[in-house]
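The structure under discussion appears below in the form of structure tokens.
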There are 2 protein chains.
Amino acid sequence: MAVGRPARLSRDSLVDAAESIVATDGIDALTMRRLADELGSSPMSLYRHVRDKDELLLLLIERRAAELELPPLPSDARERLVTLFVLLFDSLSRSPWIVEVLAKGDLVAPSLLPVIDRILEAFVAAGLSGEEAGRAYHVAWRYTVGELTVRHSTERHFAQLDREPLLVRIMAEIDPAELPSLADLRLELAAGRRDARYEDGIGAVIDGLLRLTCSAPTTGGDPSA
Amino acid sequence: MAVGRPARLSRDSLVDAAESIVATDGIDALTMRRLADELGSSPMSLYRHVRDKDELLLLLIERRAAELELPPLPSDARERLVTLFVLLFDSLSRSPWIVEVLAKGDLVAPSLLPVIDRILEAFVAAGLSGEEAGRAYHVAWRYTVGELTVRHSTERHFAQLDREPLLVRIMAEIDPAELPSLADLRLELAAGRRDARYEDGIGAVIDGLLRLTCSAPTTGGDPSA
DNA sequence: ACCTGAACACCGTTCAAGT
DNA sequence: ACCTGAACACCGTTCAAGT
């Protein structure tokens with residue numbers, strides 16, 4: 001195999017190898033050097049096929065997104081929205097390192113565009129205008145990113161067992177007599193309770209976004225607001 | 001000044017220096033070596049006062065949070081919630097690197113707890129139970145984190161002028177005839193339109209979260225859902 | 001064309017040694 | 001006690017050179 005010519009590198013083989021490294025040892029283990037080792041070549045060969053490490057990560061995200069399959073969708077617009085966002089959320093939370101890449105400044109996999117289109121369609125079907133649908137998508141997507149970020153970060157935090165538990169330190173500094181009724185809640189919040197379901201959250205968010213098409217909220221609505 | 005004893009280091013002086021580095025040259029410029037230089041000492045002196053670089057970042061966040069001042073709050077619960085979240089959002093978006101730290105796994109500044117308490121109070125005042133208030137806070141906070149993450153990342157993306165604009169490449173791969181009615185919207189989405197106001201988004205989210213206390217949404221409500 | 005070895009300019013952190 | 005120089009074990013990336 002490692003003879004003269006045939007052991008070629010290619011964009012695809014890079015991504016293949018990168019994917020298996022990430023699957024085995026996590027995103028932190030994915031370095032250009034390690035990738036080159038895995039492919040039996042030298043770090044710089046990689047730069048022939050990929051401009052950057054960032055481009056490699058992007059390709060990795062793109063492949064993950066391409067695997068995403070649309071299930072049969074419910075006919076009710078609200079349910080369709082929930083289904084689509086849960087799909088997105090589940091797919092992304094299976095590889096939480098994506099959040100870090102997102103936060104570092106790269107975004108959008110082209111393969112996600114079909115899903116986004118279905119979401120926009122559903123918002124329109126629920127009675128929003130095109131522009132409103134765009135804004136609504138923005139809000140719901142950003143909520144989703146937030147969920148991914150926070151869940152990932154609490155996971156990381158608790159995974160670092162060697163480090164003195166920060167949250168305990170924080171809570172020790174607080175006077176519990178201060179606002180006693182909320183003390184338990186605060187603890188739960190700080191502990192980042194994992195049992196709150198994304199599906200419920202996105203449901204509430206979507207309801208809020210569709211509010212324009214239904215009766216006024218508690219506060220009594222000035223429709224010009 | 002740099003004589004025998006008096007040029008002491010302290011936790012506070014580290015954070016002072018770190019803060020000014022971040023203010024001048026951004027978070028990427030904050031390295032232990034640079035910080036030591038700025039303080040006229042060597043990198044390892046720092047480890048006497050700080051366990052980690054992570055701990056330093058945490059201290060930095062904590063200081064930022066401590067600067068946050070509560071303005072007079074509106075009496076209406078919904079408006080109070082909007083005000084509080086906008087306060088949080090504004091304060092955090094002034095130092096967007098915090099998002100990266102958040103995404104990397106550290107979270108929660110103790111100084112934010114008073115604000116969180118006011119938010120929980122307001123949710124309760126709007127008619128939610130304690131547990132519901134906790135869940136509602138979660139959702140609204142995660143939406144906020146998502147907004148910060150996405151805004152920060154599009155900013156970074158557009159700041160990298162040297163790199164071939166990724167979004168243009170992506171859009172070139174798409175057949176615009178495919179779903180022509182949505183083409184413009186998609187472009188806007190990909191460009192990460194900045195003009196959508198956080199205040200409107202959080203308003204919609206809060207409305208959705210308070211929905212339980214008002215009339216049923218469009219879909220016609222099975223209250224068991 | 002495609003690949004490489006050696007090197008550059010960095011990181012955070014540890015260790016043994018200085019005063 | 002407090003600080004330090006030199007070193008360790010890494011990074012991503014560039015350059016000039018090999019075939």
Side-chain angles (χ1 to χ4, degrees), chain A residues 1-18 21-22 25-60 97 100-101 103-106 156 160 162-164 166, chain B residues 1-18 21-22 25-60 97 100-101 103-106 156 159-164 166:
Chain A
M1 252 194 189
V3 216
R5 268 248 222 77
R8 290 295 256 284
L9 298 181
S10 72
R11 239 150 178 271
D12 278 343
S13 64
L14 290 209
V15 182
D16 284 343
I21 292 174
V22 171
D25 297 325
I27 192 68
D28 287 338
L30 179 60
T31 70
M32 298 305 262
R33 288 168 152 87
R34 165 83 185 272
L35 183 56
D37 275 0
E38 216 86 352
L39 290 162
S41 80
S42 76
M44 299 93 308
S45 330
L46 310 180
Y47 288 89
R48 190 81 28 190
H49 304 92
V50 132
R51 180 205 318 265
D52 253 348
K53 193 187 177 184
D54 279 0
E55 184 168 312
L56 182 68
L57 290 172
L58 230 46
L59 290 171
L60 223 48
W97 55 269
E100 274 170 78
V101 179
K104 263 191 65 186
D106 286 314
R156 275 225 170 182
Q160 293 190 332
D162 52 323
R163 149 191 326 206
E164 184 189 354
L166 172 70
Chain B
M1 253 197 189
V3 216
R5 267 246 222 79
R8 288 295 252 285
L9 298 181
S10 72
R11 240 152 176 272
D12 278 343
S13 64
L14 291 209
V15 181
D16 285 343
I21 291 174
V22 171
D25 297 326
I27 191 69
D28 287 338
L30 178 60
T31 69
M32 298 306 261
R33 288 169 152 87
R34 165 81 185 272
L35 182 56
D37 274 1
E38 217 84 352
L39 290 162
S41 80
S42 75
M44 299 93 309
S45 330
L46 311 180
Y47 288 89
R48 190 84 25 191
H49 304 94
V50 131
R51 179 207 317 265
D52 252 350
K53 192 187 176 183
D54 279 0
E55 184 167 312
L56 180 68
L57 289 172
L58 230 45
L59 290 171
L60 222 48
W97 55 269
E100 274 170 78
V101 179
K104 264 191 65 186
D106 285 314
R156 276 223 168 185
Q160 292 190 333
L161 294 172
D162 52 324
R163 155 193 316 210
E164 183 189 355
L166 173 68

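In what follows, chains are A, B, ... by sequence order, proteins preceding strands, each numbered from 1. Because the structure is predicted, anything quoted here is derived from the model rather than measured.
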I27(B) vs L57(B), side-chain contact (heavy atoms from CB on, under 4.5 Å): CA-CA, chis, key distance, verdict: CA-CA 10 Å; I27(B) 191 69; L57(B) 289 172; 3.9 Å; yes

Partners of [X] by side-chain contact (heavy atoms from CB on, under 4.5 Å), sequence neighbours excluded?
X	answer
D16(B)	R63(B)
D37(B)	none
R34(B)	I21(B), D25(B), A29(B), T31(B), E38(B)

Side-chain donor/acceptor of R11(A) to backbone N/O of H49(A), under 3.5 Å: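 It does hold such a pair.
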
Side chain proximity check, L30(A) to L60(A), heavy atoms < 4.5 angstrom: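 Side-chain contact under 4.5 Å: yes.
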
Pairing pattern in dot-bracket form [Watson-Crick, G-U; both distances under 3.5 Å; | = partner strand] for DNA chain D: ||.|||||...|||||.||

Any S45(B) side-chain nitrogen or oxygen under 4.0 Å from OP1 or OP2 of dT4(D):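 Yes, within the criterion.
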
Short side-chain N/O contact from H49(B) to OP1 or OP2 of dC2(D), under 4.0 Å: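 H49(B) to dC2(D) OP1/OP2: no side-chain N or O under 4.0 Å.
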
Of all pairs that satisfy salt bridge (charged side-chain N to carboxylate O under 4.0 Å, His left out), the ones with a partner from residues 40-49 of chain B, not counting sequence neighbours: none

Got a list of protein N/O to nucleotides 11-14 of chain C N/O distances below 3.5 Å?
| unit_1 | atom_1 | unit_2 | atom_2 | d |
| --- | --- | --- | --- | --- |
| dC11(C) | N4 | R33(B) | NH2 | 3.3 |
| dG12(C) | OP1 | K53(B) | NZ | 3.0 |
| dG12(C) | OP2 | M32(B) | N | 3.2 |
| dG12(C) | N7 | R33(B) | NH1 | 2.3 |
| dG12(C) | O6 | R33(B) | NH2 | 2.9 |
| dT13(C) | OP1 | D52(B) | OD1 | 3.1 |
| dT13(C) | OP2 | Y47(B) | OH | 2.7 |
| dT13(C) | OP2 | K53(B) | N | 3.3 |
| dT13(C) | O5' | Y47(B) | OH | 3.4 |

Considering all heavy atoms, the nearest A36(A)-P43(A) contact: CB-N, 3.3 Å

